[in-house]
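These numbers were taken from a predicted model, which means no experiment stands behind them.
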Amino acid sequence: MRWAVAEAGQGGARLCPLGGDGRAAGPVVRESSFEEAVRSRPEVERWVWRSTAVYRRLLAAGVRVERCYDVEAAEALLIGHEEGQSGQARSLPAAWARLHGRPVPPDAPLRAADTEPALFDSGPVPLPPGTDELTALLEVYAGQVARTAATAHPERMRMLIAAESAGMLVAAEMSRAGVPWRADIHRELLDSLLGERIPGGGEPRRMAELADEVSRAFGPGIRVRPDLPQDIVKAFARAGIALSSTRKWELQKIDHPAVAPLLAYKSLYRLHTANGWAWIDQWVHEGRFRPEYLPGGTVTGRWTTNGGGALQIPKIVRQAVRADPGWRLVVADADQMEPRVLAAISRDPGLMEVAGRAEDLYADLAARAFGGDRDRAKVALLGAVYGQTSGDALTHMAELRRRYPAAIAYVDDAAAAGEEGRLVRTWLGRTCPPAAAFERADDEEPRAGSSPKARARGRFTRNFVVQGSAAEWALLVLAGLRQAMYGAGLRAEMVFFQHDEVIVHCPAEEAATVAATITEAADTAGRLAFGPTPVRFPFTTAVVENYGDAK
């Protein structure tokens, strides 16, 4: 049973049951609040609403839903699928305007990240004056149901919309739960590495010492700001050393006394600016780090965050991520996710056989084709996915084409379609950006028959079909894990997710159950996303008290 629910005046809500065609299947009723509308109907299997942003309010009121249909998320997927115009306005008013042939209003700009969960909600884009929200919601939803049915693979698109909507629920729940974070341990770590915190925001003692070492290495009386790349490039130029950048790999090639303190400074600078004392003050409250996750924040469907840098927690800082007393962190990493996804979507018999049998896909490939050299095998297979087809990679590709012709043909075809400006889709139907989104790469030499802009898009689409399909599989894992944990009555809660890694915070006695549930969710997601294949999707799972001990 599905119900549509929309805000009404003075904090109330209006709602109605829905039929299979997406249209109203019963009378419209009114409730005193959005929260009461949902709380009083536990039998509803899926709620249809304009945006899952409202779920934060429900969670704050102690109301949880099993499933939802997010009209804004669905609109983004459908408009991208139909027109190849990813990034177009996705709000309910935008979808309603398209339905009625009216000018499409832009979405509200992404607001600055807040650090208090209660402040996350922002005002939605308004509908035209006199337009009833529930009526607009019903019209748009029915239109989306019909549009989904008209896609090339309706069942896949339905699954993608359901998975994206489930991801929205997971993201809201994770933001509310927060990552357990020991600010005292984090501060002790900063003190030991950076030295004392300087009042007024000055450089910590150790960074100041390293900055002085860098300057002294260039000679008496020379002052160099190691945080300014142009200063570094000029200083090395005066020493007779030409640099094109101050990247670590380029600096490591230089024999100069400034290199060691400079690299040490750069490492501490990143820690200080990205996860220093100011970051703790802004983002860690009451023992939790609560980032705002943005499902589908990239064109491939991977998540991003709005502030806080949750997806770039450096290893050294992970020591501060600590389970509560009596609880554990179950940290699960998907093993070699993208090559396994390539096996599933390409249906290559040889690669599927390896991905279904081998725990270490790269080692198995190395034993068969690369003289036992696992690193070469890994570079070769990932090169096929990411488009590294020059130099040694070109030789590797020839061997891969011989052994796994269908897999390599799959990404080759995606690259060719991208170069030709055609739409390229993931397995479930997410669509790549249009050709116009790729600007000319002026630093590339042109070659006959293909512009730099076209080749750039081809490299992107080669990876897009794999990375995007992997993101879809990961969404299904999250959805399955969420349902299984709550269905079993566990106290466990998902607190972190990035690409191929999930962290569950749970009582110690639930850890083994959670680990087994993750494995089961991965297998189920593989069958749901890709159908019956021999491909396995194993996780490496660690049960720890401290995130830093997981790897």
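- With hydrogens and angles left out, the side-chain atoms of T540 and D335 include a donor and acceptor closer than 3.5 Å.
- In this structure, R290 contributes its side chain and R176 its backbone to a donor-acceptor pair below 3.5 Å.
- Note: W279 and F289 meet the aromatic proximity criterion, with ring centroids under 6.0 Å apart.
- Residues H272 and W277 meet the side-chain proximity criterion, which asks for heavy atoms closer than 4.5 Å.
- Just one of L92, L134, D70 meets the side chain to side chain contact (heavy atoms under 4.5 Å, CB included) condition when paired with R50; it is L92.
- Between E72 and S91 there is a side-chain heavy-atom pair separated by less than 4.5 Å.
- Side-chain contact between F460 and V299 is present, with at least one heavy-atom pair separated by less than 4.5 Å.
- Using a cutoff of 4.0 Å between basic side-chain nitrogens and carboxylate oxygens, E31 and R41 are scored as salt-bridged.
- The closest side-chain heavy-atom distance from H153 to W427 is not below 4.5 Å.
- Considering only heavy atoms from C-beta on, Y547 stays 4.5 Å or farther from V179 through its side chain.
- Looking at heavy atoms from C-beta onward, W49 lies in side-chain contact with Y55 at the 4.5 angstrom threshold.
- Taking CH2 from W96 and CD from E133, the interatomic distance works out to 13.0 Å, rounded to the nearest 0.5 Å.
- A salt bridge between D549 and R322 is absent, with no side-chain N of the basic residue lying under 4.0 Å from a carboxylate O of the acidic one.
- Distance check, rounded to the nearest 0.5 Å: CG of L481 to CG of L476 gives 12.5 Å.
- Salt bridge E292/R56: present, at least one basic N to carboxylate O contact under 4.0 Å.
- Ring geometry for H186 against W181 counts as tilted: the plane angle lies between 30° and 60°, on a 0 to 90° scale.
- Residues passing the salt bridge (Lys or Arg N to Asp or Glu O under 4.0 Å) test with E173 are R64, R482, sequence neighbours excluded.
- Considering only heavy atoms from C-beta on, T300 stays 4.5 Å or farther from R430 through its side chain.
- Taking the charged nitrogens against the carboxylate oxygens, E45 and R67 have no contact shorter than 4.0 Å, which rules out a salt bridge.
- A salt bridge is defined here as a Lys NZ or Arg NE, NH1 or NH2 lying under 4.0 Å from an Asp or Glu carboxylate O, and R197 with D281 meets this definition.
- Contacts classified as ring pair (Phe, Tyr, Trp, His ring centres under 6.0 Å) and involving residues 292-316 (residues at least two apart or in different chains) are given here: Y293-W303, W303-F497.
- Side-chain contact between Q144 and I161 is absent, with no heavy atoms from C-beta onward closer than 4.5 Å.
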